[in-house]
Q: 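Below is a structure I'd like to ask you about.
Letters A, B, ... are given to chains in the order of the sequence lines, protein chains preceding strands, and every chain is numbered from 1.
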Number of protein chains: 2
Amino acid sequence: MKRQTKISNAVIKRLPRYRRYLRELQKKGIDKISSNEFSNLTGYTASQIRQDLNNFGGFGQQGYGYSVDGLYNEISVILGLDKEYKMVIVGAGNLGQAIANHTYYYKTGFIVCGIFEINPKLIGMKINDIEVMDYDSIVEFVEDNDIDIGIICTTKDAAQEVADKLCFAGVGGLWNFAPVDIETPHHVAVENMHISDSLHSLAYHMNKSQNQEEKK
Amino acid sequence: MKRQTKISNAVIKRLPRYRRYLRELQKKGIDKISSNEFSNLTGYTASQIRQDLNNFGGFGQQGYGYSVDGLYNEISVILGLDKEYKMVIVGAGNLGQAIANHTYYYKTGFIVCGIFEINPKLIGMKINDIEVMDYDSIVEFVEDNDIDIGIICTTKDAAQEVADKLCFAGVGGLWNFAPVDIETPHHVAVENMHISDSLHSLAYHMNKSQNQEEKK
DNA sequence: TAGATTGTTAATCGATTAACAATC
DNA sequence: TAGATTGTTAATCGATTAACAATC
């Protein structure tokens, strides 16, 4: 096993995907897979798969392949999915509600503990047992309940201020759905879900061939 | 102006972001920006910004910089955001509703024309003037209304079948929110929003420093 | 042992950065 | 004209792929 000091983000982004395919294999009762078979399944090259996995350790066995269960568990641990995360959502609009419902139905290690709002009409509402609370009480709540992750489902104008408050209150990560880039202190991780950026690149790809024709 | 036959996806993914920052500059009434200033703002290197833009043409002026309005418009055209896109949503759950509402409030060139469901309880419902219709009628609807984009907000098990149907009916692009990788014919673009993958990489980054300590 | 397949090094490819000539 | 800043080529860096020795 080789020790890698710095693992590139490109590798990390592939791990959840590997894990998804491994889960499907588990469901089908397949207990062993070679990098070549896994390549056919996922579309990544066998070489890349082996290279990626070897950043974290030798999970395979020469002449045999990888144990599906074993690899699934290893990747889960690498990603930190063997732990529980307590989360709060800021913004009880449709998106905030959708996320609250999602995590409620698909029980995972990610638990929504509260939803915060400034709109008084929404405060007091319940979304699947989760109370919508006053945004003013968020710092106290995060501190008292050892919240790990803050989910930002606000407008873009409010997002940075909310982020600052959450960081101050002590979260370790932010999951940002607002269409802005959030600044955080070094020790707070941020993951952006820029939904409309994604739609814009879809638009590009739909017009791509046309653009090329025009140029000819 | 240099002609680039193949533009890398890394470049395309940066364009919506450039555009967002340009929009903010417009709002502030700033009408000119140099690649250096833009670098400070966005965090990309000045070199990369100039390199990216020159894939599409020389939009700047030596000794002056880039016109904010001009560049905003150029990028909009490159992405195809000067056009209108008719869309349908498949799946009227929370996520489908959230997207329907979002596009309704933030009027853009992306128009939701219908939402489709298999659950009879939801069929007939209205979400901001948009009717929830029977999934069985989707092919006819897409054909009759020249729908451009299909938005998949179903479970992962239904996603591929829905994708096939939408492709058959003639959409040009799919925006997939289901946690699977969708296969489409060559000419149909796909953009994935793998929400839980994103949460999983957030979990990794929150544990990263800890992993490194353990290794020492 | 022979066959298969990993782990790992080396080669290639592509993307980012640096440098500078062109030019406004 | 002098100064500034782009457009573009060349250098560097990093990520992917290929090759093969190690080993189960």
Q: Map A:Asn9 and A:Arg50 onto DNA chain D by nearest heavy atom, then report which one ends up closer to the 5' terminus.
A: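 The residue whose closest nucleotide sits nearer the 5' end is A:Asn9.
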Q: So, is B:Thr45 close to the C:dT17 phosphate, meaning a side-chain N or O under 4.0 Å from OP1 or OP2?
A: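 Yes, within the criterion.
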Q: How many whole angstroms separate atom CZ of A:Phe38 from atom P of C:dT5?
A: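 That distance rounds to 16 Å.
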Q: Measure the distance from CG on B:Asp52 to P on C:dT17 and round it to the nearest whole Å.
A: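 Going from B:Asp52 (CG) to C:dT17 (P), I get 10 Å.
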Q: Between D:dT8, D:dT6, C:dG7, which one does the side chain of B:Gln51 approach most closely?
A: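 The closest nucleotide is D:dT8.
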Q: Over how many whole Å does the gap from A:Asn55 atom CG to C:dG7 atom C1' extend?
A: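 Distance, rounded to whole Å: 12 Å.
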Q: Rounded to whole angstrom units, what separation is found between the CG atom of A:Leu53 and the P atom of D:dT16?
A: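 It works out to 13 Å between those atoms.
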Q: Just to verify, what does B:Tyr135 make a side-chain hydrogen bond (donor to acceptor under 3.5 Å, both in side chains) with, not counting sequence neighbours?
A: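 Applying side-chain hydrogen bond (donor to acceptor under 3.5 Å, both in side chains) to B:Tyr135 gives none.
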Q: Among D:dA15, D:dA18, D:dC20, which nucleotide has an atom closest to any side-chain atom of A:Ser8?
A: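 Between D:dA15, D:dA18, D:dC20, the one nearest the side chain of A:Ser8 would be D:dA15.
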Q: Could you tell me which nucleotide pairs with C:dG14 by Watson-Crick or G-U wobble geometry, both distances under 3.5 Å, or answer none if nothing does?
A: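 Answer to the pairing question: D:dC13, which forms a Watson-Crick or G-U pair with C:dG14.
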Q: NA contact type, B:Phe59, heavy-atom cut-off 4.0 Å: base, sugar-phosphate, or nothing?
A: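 B:Phe59: backbone/sugar contact only, no base atoms under 4.0 Å.
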Q: Could you check whether B:Ser47 gets within reach of a base, just the sugar-phosphate, or nothing at all, counting any heavy atom under 4.0 Å?
A: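 Base, at least one base heavy atom under 4.0 Å.
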Q: Rounded to the nearest angstrom, tell me the gap between atom CZ in A:Phe56 and atom P in C:dT8.
A: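 Distance check: A:Phe56 CZ to C:dT8 P gives 14 Å.
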Q: Does OP1 or OP2 of C:dT6 have a side-chain N or O of A:Ser35 closer than 4.0 Å?
A: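 Yes, such a contact exists.
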Q: May I ask you to establish whether B:Lys32 and B:Tyr66 are in a cation-pi arrangement, using a distance under 6.0 Å from NZ or CZ to the six-membered ring centre and at most 45° from the ring axis?
A: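 Ring-cation test returns no.
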Q: Across all strands, who's sitting opposite C:dA21 as a Watson-Crick or G-U wobble pair, both distances under 3.5 Å?
A: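 Partner of C:dA21: D:dT6.
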Q: Tell me if a side-chain donor or acceptor on B:Asn176 pairs with a main-chain N or O of B:Ala178 at a distance below 3.5 Å.
A: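 Yes.
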Q: Determine yes or no for a side-chain-to-main-chain donor-acceptor pair under 3.5 angstrom, with A:Asp52 supplying the side chain and A:Val11 the backbone.
A: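 Pair absent, no side-chain N/O of A:Asp52 close to backbone of A:Val11.
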Q: Starting at atom NZ of B:Lys6, determine the distance to atom P of C:dC13, rounded to an integer number of angstrom.
A: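 So the two atoms are 17 Å apart, to the nearest Å.
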Q: Is the gap between the ring centers of B:Tyr44 and B:Tyr18 under 6.0 Å?
A: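 Yes, ring centres under 6.0 Å apart.
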Q: Which residue lies toward the 5' end of DNA chain D, A:Arg14 or A:Gly63, if each is placed at its nearest nucleotide?
A: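 Closer to the 5' end of DNA chain D: A:Arg14.
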Q: Does a side-chain N or O of B:Gln48 approach OP1 or OP2 of C:dT16 to a distance below 4.0 Å, or not?
A: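 The answer is yes; a side-chain N or O of B:Gln48 sits under 4.0 Å from OP1 or OP2.
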Q: D:dT23 C1' sits how many Å from A:Tyr66 OH, rounded?
A: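 Taking OH of A:Tyr66 and C1' of D:dT23, I get 14 Å after rounding.
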Q: Is the phosphate of D:dG7 approached by B:Gln62 (side-chain N or O, under 4.0 Å from OP1 or OP2)?
A: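 Answer is no, no contact under 4.0 Å.
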Q: Calculate the interatomic distance between B:Asn54 atom CG and D:dT8 atom P; express it in whole Å.
A: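 The distance from CG of B:Asn54 to P of D:dT8 comes to 5 Å, rounded to the nearest Å.
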